[in-house]
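Order of appearance sets the numbers: ligands from 1, and atoms from 1 within every ligand.
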Amino acid sequence: MRKSSLPLAASFYIDYHNFFEEILGEILTDILIIGGGIIGLSLAIELKLRGAQVTILSSESHQAAATAAAGMLAPQAENIPPSPMLDLCLQSRALYPEWIGKLETITGLTTGYWPCGILSPVYEQPEVTYNKQLTLNSQWLDKDAIHQHQPGLSNEIIGGWWYPNDAQVDNRALFQTLQIAAKKLKIDISQERVEEIIRSGTKVLGVKTSSGELQANHYILATGAWSNQLLPVPVYPKKGQMLSVCPPPETPPIIQQLQMVLFGDESYIVPRKDGQIIIGATSENVNFTPGNTPWGIQALLSRAIRLYPELQHYLIQEFWWGFRPATPDELPILGYSAWDNLTLATGHYRNGILLAPVTAIMIADWIEQHKSDPLLSHFHYSRFADSGAPHH
Ligand code: GLY
């Protein structure tokens, strides 16, 4: 890491810079991002493209939500009620095509972004079949229409919602693309576990890692489900187990492929363009207990086969699990913290892949220009009564 060249003009950094140089010696980077998951990487790339000097500290975790997810971009199928959260999710979904285009241009890789729409079939007649979110594009399909729309659904399905604007991305391909983009942009990524965030009053003084201490002008906490191991933020792990299958080789191409995501009761089936099908996900409060369980896999398979019976003949490829960063109100924690030079970007729960582009832009605006999008005010840390956070 080099000495900061302070490419960000924000004057509030200058004071910290002088303060730290007096107390601790050299400032090593402008912005230190703790966490190399989808949020940390997306933010690092956004800030770097704006001219900042960025370093990521990442302790590799294969159970991070970025790789465990299915990559659904599903504000409508997830049934998020009209709220600032829905607005945030819709903004992010709209940013996706351009954001993906930028990442694919930087890296020359593909991410499997696919605006395939999401179908939400049901087994029982719902109370209302009119569009509850009038400004959003959705359509109720009756029994005949839904079976025509997606052949192969269970006979038990009596209808369902079609959300043509919901989409998907191959989250593993996206994660890899973000890692390569960060390397191409010469973002410093250090595989160091942060052991402590050193604080004094309302300032962060540095971070203690497995190999020493590091300082920066500004810090971002983006450690997902592991966030409260470093700071008292109400984020806890919600485990999700998943598996993937693929059609047997002799399947005729005509019936081979689902062409849209199926979002059922407590389960979803996400077909990738390459033929792989992801089946997810359990939702378990078991702390960081690792592993796949017979209960979890049985539940996933029975729900998925009930929804799309053809799956019972498919070949099992892989099982895995991960930890969603859940918060008490299931909303992310974004923006200022109780420490003047530390910003929070964590707690994205079920929607981290979807919210990556909007989080990167809004948090970069906040750090770079102290510009706070009005939507951000709904996601501040201070909403938790015992947060100890000042109200900015
Ligand atoms: N977004 C889907 C899940 O968290 O399982």
Side-chain angles (χ1 to χ4, degrees), residues 37-39 42 61-81 83 85-86 88-90 92-93 96 111-121 161 163 165-175 224-227 235-245 260-272 276-286 288 292-293 295-297 299-304 307 318-333 346-359:
I38 183 136
I39 299 296
S42 306
S61 171
H62 299 292
Q63 293 109 51
T67 46
M72 285 182 295
L73 309 174
Q76 291 181 265
E78 285 274 356
N79 227 347
I80 299 170
S83 59
M85 177 61 172
L86 179 61
L88 191 75
C89 289
L90 291 171
S92 210
R93 190 182 67 183
Y96 244 85
T111 58
Y113 172 67
W114 186 8
C116 57
I118 299 188
L119 186 66
S120 197
W161 288 99
Y163 303 111
N165 299 122
D166 276 353
Q168 65 157 303
V169 65
D170 180 336
N171 49 291
R172 290 184 184 184
L174 173 62
F175 188 59
W226 291 265
S227 296
V235 182
Y236 58 93
K238 188 74 99 100
K239 182 175 168 182
Q241 301 188 46
M242 314 190 71
L243 75 148
S244 64
V245 297
M260 63 198 77
V261 174
L262 302 181
F263 196 104
D265 226 7
E266 293 183 72
S267 78
Y268 45 79
I269 301 171
V270 183
R272 300 287 195 226
Q276 192 187 40
I277 294 176
I278 315 293
I279 299 174
T282 61
S283 196
E284 302 166 62
N285 282 319
V286 291
F288 287 107
N292 288 108
T293 60
W295 167 84
I297 296 304
L300 293 176
L301 281 173
S302 65
R303 287 175 203 147
L307 194 57
E318 211 183 328
F319 302 119
W320 68 97
W321 72 94
F323 299 105
R324 302 175 185 88
T327 60
D329 56 10
E330 301 186 351
L331 303 177
I333 303 177
T346 186
H348 290 75
Y349 188 40
R350 295 179 65 91
N351 295 296
I353 306 288
L354 169 63
L355 290 174
V358 83
T359 300

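W320 places a side-chain N or O within 3.5 Å of a backbone atom of A68 that can act as its donor or acceptor partner.
The aromatic rings of F288 and W226 lie parallel to each other, their planes meeting at an angle below 30°, with 60° marking the opposite boundary.
The closest heavy-atom contact to atom 4 (O) of ligand 1, among the options Q241, H348, M242, R324, comes from R324.
Between R350 and ligand 1, at least one pair of N/O atoms sits closer than 3.5 Å.
Among protein heavy atoms, the minimum distance from atom 3 (C) of ligand 1 is reached at Y268 OH, 3.3 Å.
Each of the following atoms of ligand 1 lies closer than 4.0 Å to a heavy atom of E78: 1 (N), 2 (C).
Test L354, L73, V358 against C89 for side-chain contact (heavy atoms from CB on, under 4.5 Å) and you get one pass: L354.
Using a cutoff of 4.0 Å between basic side-chain nitrogens and carboxylate oxygens, R172 and E318 are scored as salt-bridged.
Note on ligand 1: Y349 sits outside its first shell, no heavy atom being nearer than 4.0 Å.
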Exercise for the section: Check step by step if salt bridge (charged side-chain N to carboxylate O under 4.0 Å, His left out) holds for R93 and D166. Expected result: CA-CA 8 Å; R93 190 182 67 183; D166 276 353; 2.6 Å; yes
